[in-house]
Every structure is written in structure tokens, then in C-alpha cells.
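Values below: all heavy atoms of this structure, side chains included; hydrogens, waters and symmetry mates excluded. To find a chain, count down the sequence lines: A is the first, B the second, and so on, and within it residues start at 1. Every value quoted in this text rests on a predicted model; they were computed, and no experiment measured them.
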There are 2 protein chains.
Amino acid sequence: MRPERDASFDADPVSSRESDPPSLHEVMRRDIVSGELPAGSRLKTQELAQRYGVSINPVREALHQLSGEGFVLLSRNRGARVRPLDEHFVRNIFDIRVLIESYLVRFAIEHATEADLRQMREIQRRIDDLVGDQVELDRLDEEFHGVTYGRHFNGEALAIRQRHGQVVHALAMRYPASPARRVTQNAEHWAIVEALEKHDEAAAVRVVEQHARGAERHLLERLRQGSTTPKSF
Amino acid sequence: MRPERDASFDADPVSSRESDPPSLHEVMRRDIVSGELPAGSRLKTQELAQRYGVSINPVREALHQLSGEGFVLLSRNRGARVRPLDEHFVRNIFDIRVLIESYLVRFAIEHATEADLRQMREIQRRIDDLVGDQVELDRLDEEFHGVTYGRHFNGEALAIRQRHGQVVHALAMRYPASPARRVTQNAEHWAIVEALEKHDEAAAVRVVEQHARGAERHLLERLRQGSTTPKSF
DNA sequence: TTCACACGGATTACACATAATCAAGTCATC
DNA sequence: GATGACTTGATTATGTGTAATCCGTGTGAA
């Protein structure tokens, strides 16, 4: 096993600093992820400037930042669009997600503390009790996996996972998990906790993979059903 | 096996369009990758504006774009720096590279055409014959792997690989491969071709992994040796 | 050491000029 | 009359320049 490394570095912090007012591109990313700026929609600089109460310059900078992050597509002299989220894209990022998460969880097997496990159980209990409220569910789900993977040294991998996770959340907001899916999700979460407790690497990898593939399958089904609503361009 | 998908989509095209003049952020990325803007160095907007013969606005936009791509670090009211490339970072991206490349090569096993293999052999012959000229070596190496992975449907994965590859090239420019490393590299390239010919998935994955880890080890050694030169700040 | 202050540079706003794109309409040709 | 090429005008992106403000850092005095 490779020696542990300092984990202070993060390639893509979601928020630059805790107490600072969030920068414009963070606000816009939130609005994209939450679906307020729908996937595929046109982003005009003047409209955005008005909407967010700033001048055009910061808007242009935010758009470029988001373009670099992959949330926005820029084309020369034709402005910006929110990146369309299609089936193809979903498959792609879940393929990557499976790779990254099974990589991340292998580290958790060895490094998750007793406190981490307690926290995961606590969070999962709250998820179990939750009814409705997709927003809160997503927040708790992210928190659960945040504890699972948070100790990992590889900030790059975490950044990729988080970025893709945000896109997935944007979709999940539109297509909430069905009750059946919720039950499966919860069972898988408990299975992850159990695998970590037992230091069972094979089981952990298997469950994590299954968890991701399940989410993928569910999203794809919903995407196909409601294929009229989320118009891509 | 999952059905094939349309591969027309690319999350992060290096150049927006072929015939267009490259945008500023592309030029700046090239200069970062080539080492002209050294890792860790301060990027002042006014200096850059003068250097590239444009006003401050486009420079700021380019910086934001590069920040989103991970090549530049921005901090509020303190300007921009080229992202420092340290040992920790190199380890991280190679961990990811191993994941991505073994994923990509599995597809190549099934989908590489006879023409692809011919092309790979041709490129590798040119690499074998090449002496010195790190720039040309890097170009050919990228071309080799471009053919290997190019048919893959997962544009996201290709984008991640390419982005990381550019960073690695920035380092390789500073720390060229030793003759011994070159010999190993070439042997590994031929082994990849052979594995693809034989449709031997296990072998292909093994070689690709070994290839990446070898490059990582070599870079890390060089980084430690010349640890005075690449000053982070 | 600590505080006040000045300076450099980033950030924002605004006004303006240019250029590209798109849509609608005109015109010529078949 | 229908089709396709061209013109035109509105819209919007893109680039420049300037000014005002904010923030971080270093300097120097108490």
C-alpha cells in the first residue's frame, strides 16, 4: 500500500472560503444544478447581469469559469448554453463514477475511523426516516458519501466525483427517486457501512458499484419516460 | 457488453474549431503546458494583457476558463497563479490515469480496427527511430495513445485523460525521459499493440497500467532529484 | 509588537466600438 | 408560383478604455 499523503490540496473547491460571499460562478452553478437555469437553455450575458444584479463583466467571467468546469458550453460569437444533459452523457459520467468510487472506497476500508462509521450510521438513520423532500435527501446523501470518501488523499478524484455528483443531482431534482429506488438505496448504504465495519474490500467495491449502477439505471429510465420535458438542443 | 453509443460529443475540445484563430485561453494553456508560464508563477492581468497584445478583459476571462479547467488557481483579490505541480499532485493524477486508461483500453480491445493497429505500429516505429527532441516525442506519444483510445465513446473520460496528459507533458518537457526509460516505454507500446492484436484484455490492462506507473515513477524520481529547480512559488 | 496608513493590483461598473449571427424579407431565376 | 441566393436590420457577443472601489501586503511610527 502506498504511503499516506497530505490531503490538504483540493483542485476544485466548491466554495473558495467558508465565510466569504459566494462568487457569482458558484451561485450560477448552484442555479444550474438546481435546475433554475435548465439544461440546454441559452445564457445571455445581459439577462444574467440583470438577474444577479451585477454588471456584464463578472457574468462573462463566471460563464468562462463554468465552461472550464464543464457546466456551460461556449461557442464563439454565439454565446453560452447550459450543458445539455442527455442519456449519453449520463452513461459516460456513471462509467467514470464507478471507476472513481471503487478506487475511493478501497482507501476508506483501511482509513475510516470508528467516528466516521458512527456518523455514517447517524446520517443514514436520518435518510431512512426522511419522507419526500428531495432536496434534503440529496444533501444527506452527499453528506453520507462525503464522510465515506472525505479522508481520501486524492483531491483530484474527489473533485471529479463531486463535479459529476452535482450534475447528477441536477437531474435527480427533476426526476426524484421512486419509493422502490429509495428502499434499495438505503439498503445499499447500510451495506456500505457494514462492509467498512468488516474491512471487507471486495464487498465494499461490489456494493459501491451496484449503488452507482442502480442510480444510473433509475435515472436513465426516468429520462426516457420524461423525454419530452428536458429538451436538449 | 454495453451497446455502442454515439461518440460525437466532446466535453472539452482542445480547440473549439479547426480553422479559427485559437482563443486566448488556448494560447495561454499551451504556454502553461510548455512551461513558458512556469508552474506556480504569478499571473498578473496587466502583464498578460501586454504579453498577448489584448486588453485586460479577455485575459481575465481566459484565467477564469483555465481556473475551471484546473490549470490556474484563482484567489479572490489576490490574483492568479499557474497551478503548482508537486509530487502529491503527480501521484493523484496518475492514480486516476490508471483507472481511466484501463477502462479505455478495454474498449479498444474490441473496437480497434486493423487500420488503427497499422497506424499505431507506424507511429511507434517513428518513436523508435527518434533521438532527442522531447517535443516531437511527446507529440508522437500523444498520437499513439490518441489512436489507441480515440474510438471510445466516453468523451468525458477522454477529456480527463487529455487534461491530465497535458499537465504531465508540461513536466516531461522539464524532465525528459532518460534513455533507459525510453527503451522501456517503447517495449510497453509494442506490448500494447500486441495485446490489441491478440484481443487479450488482461494483458492490455496490465501493460497499460504498468506503462502509466512507469511514467509516474520516472517523473517522481526526476522531481525529487531536481527539487530545487521547479520552485512552486 | 502592534497599529495606521499607503500602495499595488484585483475587481467591478460603465460607455462605447466592432463584428458575428440569426431571422426575415427581397429579388432573381427556374 | 416555388425555390434558392442575397440583402438588410436587430440582436448579441466580443474587445477596448477608463474610472472608482475594495482588498491584501508591506512599511513605518508609536
Between [options], which nucleotide gets closest to the side-chain atoms of [X]?
| X | options | answer |
| --- | --- | --- |
| A/Arg60 | D/dA13, C/dA13, D/dT16 | D/dT16 |
| B/Lys44 | C/dT21, D/dG15, C/dG9 | C/dG9 |
| B/Arg42 | C/dT12, D/dT16, C/dA10 | C/dA10 |

Distance test, side-chain N/O of B/Ser55 to OP1/OP2 of D/dG15, below 4.0 Å: no

Is the phosphate of D/dC23, meaning OP1 or OP2, less than 4.0 Å from a side-chain N or O of B/Arg78? no

Provide, to the nearest angstrom, the distance between the [atom1] atom belonging to [X] and the [atom2] atom belonging to [N].
| X | N | atom1 | atom2 | value |
| --- | --- | --- | --- | --- |
| A/Leu63 | D/dT14 | CG | C1' | 13 Å |
| A/Leu24 | C/dT12 | CG | P | 8 Å |
| A/Arg76 | C/dT21 | CZ | C1' | 13 Å |
| B/Arg81 | C/dG9 | CZ | C1' | 13 Å |
| B/Ile56 | C/dG9 | CD1 | P | 11 Å |

Is the shortest side-chain N to carboxylate O distance from [X] to [Y] below 4.0 Å?
| X | Y | value |
| --- | --- | --- |
| B/Arg91 | B/Glu87 | yes |
| A/Arg163 | B/Glu69 | no |
| A/Arg139 | A/Glu143 | yes |

More than 12 heavy atoms of other residues, nucleotides or ligands under 6.0 Å from CZ of B/Arg126: yes or no? yes

Are there more than 12 heavy atoms of other residues, nucleotides or ligands under 6.0 Å from atom CD of A/Glu136? yes

When A/His64 and A/Asn57 are each assigned the nearest nucleotide of DNA chain D, the 5'-most assignment goes to A/His64

What orientation do B/His152 and B/Tyr103 show, parallel under 30°, tilted 30 to 60°, or perpendicular over 60°? tilted

Verify, without hydrogens or angle tests, whether B/His218 (side chain) and B/Ser178 (backbone) share a donor-acceptor contact under 3.5 angstrom. yes

Just how far is it from atom OG of B/Ser23 to atom CZ of B/Arg29, taken to the nearest 0.5 Å? 7.5 Å

Could you give the distance from CG (A/Leu37) to CZ (A/Phe71), rounded to the nearest 0.5 Å? 12.5 Å

At a heavy-atom distance below 4.0 Å, what parts of residues 46-53 of chain A sit against DNA chain D? none

Could you check whether A/Leu43 gets within reach of a base, just the sugar-phosphate, or nothing at all, counting any heavy atom under 4.0 Å? sugar-phosphate

Can you tell me which stems involve DNA chain D, if a stem is defined as three or more consecutive Watson-Crick or G-U wobble pairs, both distances under 3.5 Å? C:1-30 with D:1-30

Quick one: on DNA chain C, does A/Asn77 or A/Glu61 contact a more 5' nucleotide (nearest heavy atom)? A/Glu61

